[in-house]
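Below is one structure, written out as structure tokens; the observations come after it.
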Amino acid sequence: MHHIIIGAGPTGVVAAETLRKLDAGSRITIIGDEPEAPYSRMAIPYLLIDQIDASGTHLRKGDGHYANHNIEVRQDRVTRVQSERKSVSLQSGADVSYDKLLIATGSRSVSPPVPGIDSPGVHACWTLQDARDIMQRAQAGARVVLMGAGFIGSIILEALATRGTDLTVVEMEDRMVPRMMNAVAGGLIKAWCENKGVKVLTSTQVEVIDAGQPLTVRLNNGNALAADLVIAATGVQPNVDFLEGSGIRTDYGVLVDTQLATSATDVYAAGDVAQGLDFSTGQYTVQAIQPTAADHGRIVASNMAGRTQTHRGNLNMNVLDTLGLVSSSFGAWMGVEGGDSAELLDAARFRYLNLQFEDDRLVGASSLGLTEHVGVIRGLIQTRVRLREWKQKLMQDPTRIMEAYLANTLAIGHNAGVV
Amino acid sequence: MLRALKLEPEKCTGCLQCEMACSYENEGVFNPAKSRIKVFTFHQEGRFAPYTCTQCEEAWCLHSCPVEAIVINADTGAKEVLDNVCVGCKVCTIACPFGTVNYNQDSGKVMKCDLCGGDPWCAKACPTGAITYVDVDNTGLDRMRAWAQQSPARPASHVEPRPKEIATYSRAQ
Ligand SMILES: Cc1cc2nc3c(=O)[nH]c(=O)nc-3n(C[C@H](O)[C@H](O)[C@H](O)COP(=O)(O)OP(=O)(O)OC[C@H]3O[C@@H](n4cnc5c(N)ncnc54)[C@H](O)[C@@H]3O)c2cc1C
Ligand code: SF4
Ligand code: SF4
């Protein structure tokens with residue numbers, strides 16, 4: 001049995017290791033096109049502030065990890081998939097045949113349609129190579145313009161500010177992390193960042209970038225910013241282009257069912273490239289987050305090894321640290337129709353907690369300044385536990401999420417029959 | 001034989017000895033806020049519930065970690081955070097559905113129960129037997145053992161941990 005995995009990111013590596021456990025005698029090949037040991041994009045912000053070196057971004061640390069697990073890692077690019085013949089074509093020329101194929105090619109950052117976006121000194125922040133390019137220019141005092149204050153933009157914001165750069169963030173929408181936070185919380189994150197010396201321009205667009213040293217970034221409000229470095233973090237897109245003509249159905253990402261199988265026999269897809277089931281909405285979407293990549297990797301491997309495991313949908317969730325202000329969001333944080341919500345706001349201390357209910361179940365949440373037991377929000381949402389009288393208690397004091405979980409899942413008090 | 005923490009809320013009186021012992025032994029301070037075990041209070045019922053990581057089989061925290069900073073201790077089965085590898089990204093804190101990994105803003109790393117290497121202080125400190133360290137029955141353990149055998153080797157070399165400093169550009173310069 002030959003398993004081929006395209007893509008050496010977290011999804012590919014987790015899947016390969018899980019396959020090795022479940023299908024000890026199989027041959028496993030990971031084909032990845034980046035000129036690096038398999039690494040984690042998520043670690044890039046910490047590389048940018050020299051907290052780790054490049055080896056600290058590697059997904060697995062021990063020497064010979066892949067060889068020890070009898071996993072072959074090849075550096076090459078898959079240019080075509082022939083699903084009828086069950087083979088893939090490599091850029092280096094060869095064709096390799098598979099019994100089961102996993103597409104784990106992730107997403108890539110896409111440049112916004114701005115004239116001058118290809119000028120020297122304009123970079124994405126998606127790969128290790130991008131990080132190295134950014135570190136060259138993002139010296140202390142350098143003028144940096146960060147385009148996009150979405151999740152990825154906001155994640156690297158801290159690293160850029162911590163490098164001592166003179167940072168300006170330009171976001172098209174009316175607040176920071178608009179797909180993760182409502183206006184109240186997004187507004188507080190902006191105020192926090194501004195207090196720390198970062199300029200944040202919301203409802204503002206970059207219209208043109210003029211090449212030069214420095215670059216000139218022209219905004220739709222008539223102003224222009226001089227910049228030594230421009231970082232474009234305005235959006236990503238699944239790597240599906242090489243599947244054209246393969247017969248494997250794609251939409252935005254690769255279409256998969258609840259076993260993460262694609263439309264082609266023995267071909268699977270997982271992680272940032274897969275349009276998988278969303279726990280909250282029941283829709284198939286590309287979530288492009290690490291926990292989903294890891295969960296997909298394990299489930300898909302189980303199915304490839306013949307142990308059917310159904311994907312029940314991943315919860316979309318994020319945790320973010322913007323210069324010391326920790327924020328998180330889960331599931332239907334914006335609420336559902338006919339649902340109730342509880343909100344706790346302490347703007348002076350930058351604390352916020354918003355819970356969203358459907359009936360007496362928790363379906364979403366967002367928070368600022370919450371670092372204790374935050375994962376239980378995932379537990380409450382994904383177990384669909386009925387909160388019963390605890391819903392009312394949470395409406396009065398949303399911080400009691402952990403008690404609500406314990407009271408409804410452990411034998412304490414009433415449900416233990418002791419009170 | 002692997003052992004696990006057994007938590008019996010009905011025996012807990014809310015004295016917080018476990019939190020004190022845990023924070024002192026693991027963080028060097030008597031400070032319940034730094035404890036990896038936490039006693040939750042149910043005022044109305046006058047009840048208490050000690051709670052911490054169950055070293056669950058699924059180990060969501062471990063699998064979500066982008067840099068392999070959570071590993072399984074082959075002797076105890078505990079999922080342990082390697083402080084010198086953890087970058088403080090906090091993904092594990094939202095991935096654990098039991099809410100038992102917490103971010104420590106002072107160190108810039110996460111904290112979770114590691115069973116104190118096989119001799120948990122909370123169990124020793126508990127005066128009422130609400131926390132005991134007992135043999136796990138065999139069901140469900142086999143998979144965990146299989147896991148332990150596969151646990152990744154310790155990393156070769158790493159940059160020493162250092163507290164997170166946030167110093168940004170100041171325009172007055
Ligand atoms: C700076 C940054 C910070 C992030 N922070 C967070 C965070 O805090 N929390 C979070 O949840 N997520 C975060 N993410 C997102 C997270 O990194 C991704 O969800 C995760 O990497 C997805 O893993 P993957 O294996 O599916 O894809 P990838 O990691 O993208 O790996 C796919 C690999 O496949 C390769 N490939 C593509 N096409 C081919 C081909 N045809 N042939 C061969 N190889 C190919 C790609 O080059 C890549 O190496 C962050 C991302 C970035 C960039
Ligand atoms: S911290 Fe949570 S996910 Fe990790 S082992 Fe403990 S209970 Fe499981
Ligand atoms: S906070 Fe540390 S242990 Fe947790 S996922 Fe991130 S790097 Fe791993």
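Order of the sequence lines fixes the chain letters, A, B, ..., with proteins taken first and strands second; residue numbering starts at 1 for each chain.
Heavy-atom contacts from other residues, nucleotides or ligands closer than 6.0 Å to OH of Y133(B) number more than 12. Other residues, nucleotides and ligands contribute over 12 non-hydrogen atoms within 6.0 Å of the CH2 atom of W192(A).
Considering every non-hydrogen atom in both W60(B) and R298(A), the closest pair reads CE3-NH2, 3.9 Å. Residues V67(B) and A43(A) come closest through the heavy atom pair CG1-CB, 3.8 Å. For E68(B) against K61(A), the heavy-atom pair with the smallest separation is OE1-N, 3.0 Å.
Most heavy-atom pairs under 4.5 Å with chain B: of the set V326(A), T371(A), L380(A), this distinction falls to T371(A). Of the listed residues (S40(A), P291(A), P10(A)), the greatest number of heavy-atom pairs within a distance under 4.5 Å of chain B belongs to S40(A).
Residue pairs meeting the salt bridge (charged side-chain N to carboxylate O under 4.0 Å, His left out) criterion with at least one member in residues 370-380 of chain A, sequence neighbours excluded: D295(A)-R378(A).
Heavy-atom distances place the backbone of C96(B), and not its side chain, under 4.5 Å from chain A. When heavy atoms are compared at a cutoff of 4.5 Å, F330(A) approaches chain B solely by way of its side chain, counted from C-beta outward. Within the 4.5 angstrom heavy-atom criterion, only side-chain atoms of R400(A), from C-beta onward, approach chain B.
Here the straight-line distance linking atom CG of L370(A) with atom OH of Y103(B) works out to 13.5 Å at 0.5 Å rounding. Here F48(B) contributes atom CZ and L406(A) contributes atom CG; the two are 14.0 Å apart, rounded to the nearest 0.5 Å. From C86(B), atom SG reaches atom CD1 of I52(A) across 10.5 Å, with rounding to the nearest 0.5 Å. Here OG of S64(B) is found 10.0 Å from CD1 of I289(A). Values are rounded to the nearest 0.5 Å. Separating the OG atom in S367(A) from the CD1 atom in I94(B) is a distance of 10.0 Å, to the nearest 0.5 Å.
Side-chain atoms of Q382(A) do not come within 3.5 Å of backbone N or O of P97(B) as any donor-acceptor pair. Counting only distance, with no hydrogens or angles, the side chain of E403(A) and the backbone of F42(B) share no donor-acceptor pair below 3.5 Å.
When each of C92(B), P66(B), C65(B) is tested with Q290(A) by the rule side chain to side chain contact (heavy atoms under 4.5 Å, CB included), just one qualifies, namely P66(B).
F40(B) places a side-chain heavy atom less than 4.5 Å from the side chain of H373(A).
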